[in-house]
Amino acid sequence: LDYWTLMRSRIVAGVTTLPRWRGWYALMQGLAGFFLIGLPFGIKSGLLSWPPQRGSMSWRQVASKLVEAFATPGLWEELLFRVIPLPALHEAPELPTAWRAATITICLLVFAGPFHVDHQHHQGSMPIETFKDWRFVAMAFLLGAACTHVYVVSGSWPLVAAMHALPVWAWLCFMSGAAGKDPSEAELLPKPMLGQFGPDGGDVECGSTIKTGKTR
């Protein structure tokens, strides 16, 4: 098979393969493993806030974030880093071969992640420095391993997208991922333009209020 035929075959397989009980079990294993290892590490290192808080986000906004996270990075990044590069279930790959390919893609994701500029990762007030943080890179590697486990076992693109999306969604909505401190700060209001004034009469620049002490 040529490359394009193989790529198309793997995408079709990823879409049409229905997860069986082993796939759902792998998803539960992946989520449990990621949170059992990643949650203590993230809290201890200061990357994640604790206890989880929704802030002033509405539940509609929280639900919207889940859909967004499932689409990107979930479906989009899993297409690039799992569905296309890894052997599909119908190819009946040997396990060492699958994990060898998986290791390469995980490394690519971890080291390319801080430099790719997609909508999901750089929307709102999310700084690019977040994705160059060694703590984030470590968590990304762990999440990549969990996603690889789910895809190798299930062969299902939507299922591995869910594995990717759920931790990202929890981080963005409940553990300060969207704003750095308060999850309610990001994307709830449009950013003011330069020259506009904040509610306290201060100048507003780049989405933050600069107190001038003047009453306008």
Side-chain angles (χ1 to χ4, degrees), residues 11 14-19 21 23-43 47-83 106 109-110 113 116-128 130-131 133 135-136 139-151 153-191:
I11 293 174
V15 172
T16 58
T17 299
L18 297 177
W21 71 268
W24 292 107
Y25 183 59
L27 176 63
M28 295 301 103
Q29 286 179 318
L31 289 172
F34 179 79
F35 283 111
L36 283 174
I37 298 173
L39 196 59
F41 168 79
I43 294 169
L47 181 67
L48 305 178
S49 65
W50 191 263
Q53 56 176 334
R54 179 170 54 93
S56 58
M57 273 188 178
S58 69
W59 284 111
R60 178 175 294 181
Q61 288 171 315
V62 170
S64 174
K65 286 288 186 187
L66 179 59
V67 174
E68 290 177 17
F70 182 75
T72 176
L75 288 173
W76 172 241
E77 291 191 1
E78 290 310 310
L79 173 67
L80 296 180
F81 293 104
R82 242 71 63 179
V83 177
I106 291 172
L109 175 60
V110 168
H116 72 90
V117 187
D118 61 66
H119 175 70
Q120 173 69 23
H121 288 340
H122 300 110
Q123 60 182 334
S125 59
M126 184 75 75
I128 183 62
T130 299
F131 305 96
D133 191 313
R135 299 168 300 175
F136 178 85
M139 294 282 281
F141 188 90
L142 180 62
L143 181 58
C147 289
T148 298
H149 170 67
V150 172
Y151 190 70
V153 173
S154 71
S156 171
W157 184 12
L159 200 66
V160 72
M163 175 66 236
H164 194 143
L166 288 171
V168 172
W169 170 71
W171 176 55
L172 288 175
C173 292
F174 302 107
M175 297 181 180
S176 303
K181 290 187 179 179
D182 182 357
S184 66
E185 292 176 2
E187 305 174 347
L188 298 186
L189 297 173
K191 290 185 178 180

Taking all non-hydrogen atoms of both residues into account, name the closest pair between Leu48 and Gly38 and its distance. CD1-O, 4.3 Å
With a 4.5 Å heavy-atom cut-off, do Val62 and Phe174 have their side chains touching? yes
Rounded at 0.5 Å granularity, tell me how far CZ in Phe34 sits from CG in Leu143. 5.0 Å
What's the separation between atom CG in Leu159 and atom NE2 in His164, rounded to the nearest 0.5 Å? 14.0 Å
Applying side-chain contact (heavy atoms from CB on, under 4.5 Å) to Tyr25 and Val153, what does each step give before you reach the verdict? CA-CA 9 Å; Tyr25 183 59; Val153 173; over 6 Å; no
What I'd like to find out is whether the side chain of Thr148 reaches to under 4.5 Å of the side chain of Val160, using heavy atoms alone. no
Please give me the minimum heavy-atom distance between Val168 and Pro73, naming the atom from each residue. CG2-CG, 4.1 Å
Atom of Arg82, atom of Glu78 and distance for their closest heavy-atom approach: NE-OE1, 2.7 Å
To the nearest 0.5 Å, what is the distance between OG (Ser154) and NE2 (His149)? 9.0 Å
For the residue pair Met175 and Leu39, establish whether any side-chain heavy-atom pair is separated by less than 4.5 Å. yes
Here the gap from Glu77 atom CD to Thr72 atom OG1, rounded to the nearest 0.5 Å, amounts to 6.0 Å
Please check this pair: side chain of Ser64 against backbone of Arg60, looking for a donor-acceptor N/O pair closer than 3.5 Å. no
Test applied, side chain to side chain contact (heavy atoms under 4.5 Å, CB included); reference residue, Cys173; option that passes from Arg54, Gln53, Lys65: Lys65
Which atom names give the shortest non-hydrogen contact between Ala146 and Gly30, and what distance separates them? CB-O, 3.9 Å
Minimum heavy-atom separation for Pro19 and Ser156, please, with both atom names. CD-OG, 3.8 Å
Answer whether the closest heavy-atom distance between the side chains of Val150 and Gln29 falls below 4.5 Å. no
Looking at the rings of Trp157 and Tyr151, which for Trp means the six-membered one, are their centres under 6.0 Å apart? no
Over 60° means perpendicular and under 30° means parallel, so tell me whether Phe136 and Trp171 are parallel, tilted or perpendicular. tilted
With rounding to the nearest 0.5 Å, note down the distance linking CG in Leu80 to CG in Leu75. 11.0 Å
Applying ring-ring contact (aromatic ring centres under 6.0 Å, His included), name anything that partners Phe41, two or more places apart in sequence or on another chain. Trp134
Taking C-beta and beyond as the side chain, do Val15 and Pro158 meet within less than 4.5 Å on heavy atoms? no
Write down the atom of Gly155, the atom of Thr17, and the distance for their closest heavy-atom approach. O-CB, 3.4 Å
Could you check whether any side-chain heavy atom of Leu172 comes within less than 4.5 Å of a side-chain heavy atom of Glu68, counting everything from C-beta outward? no
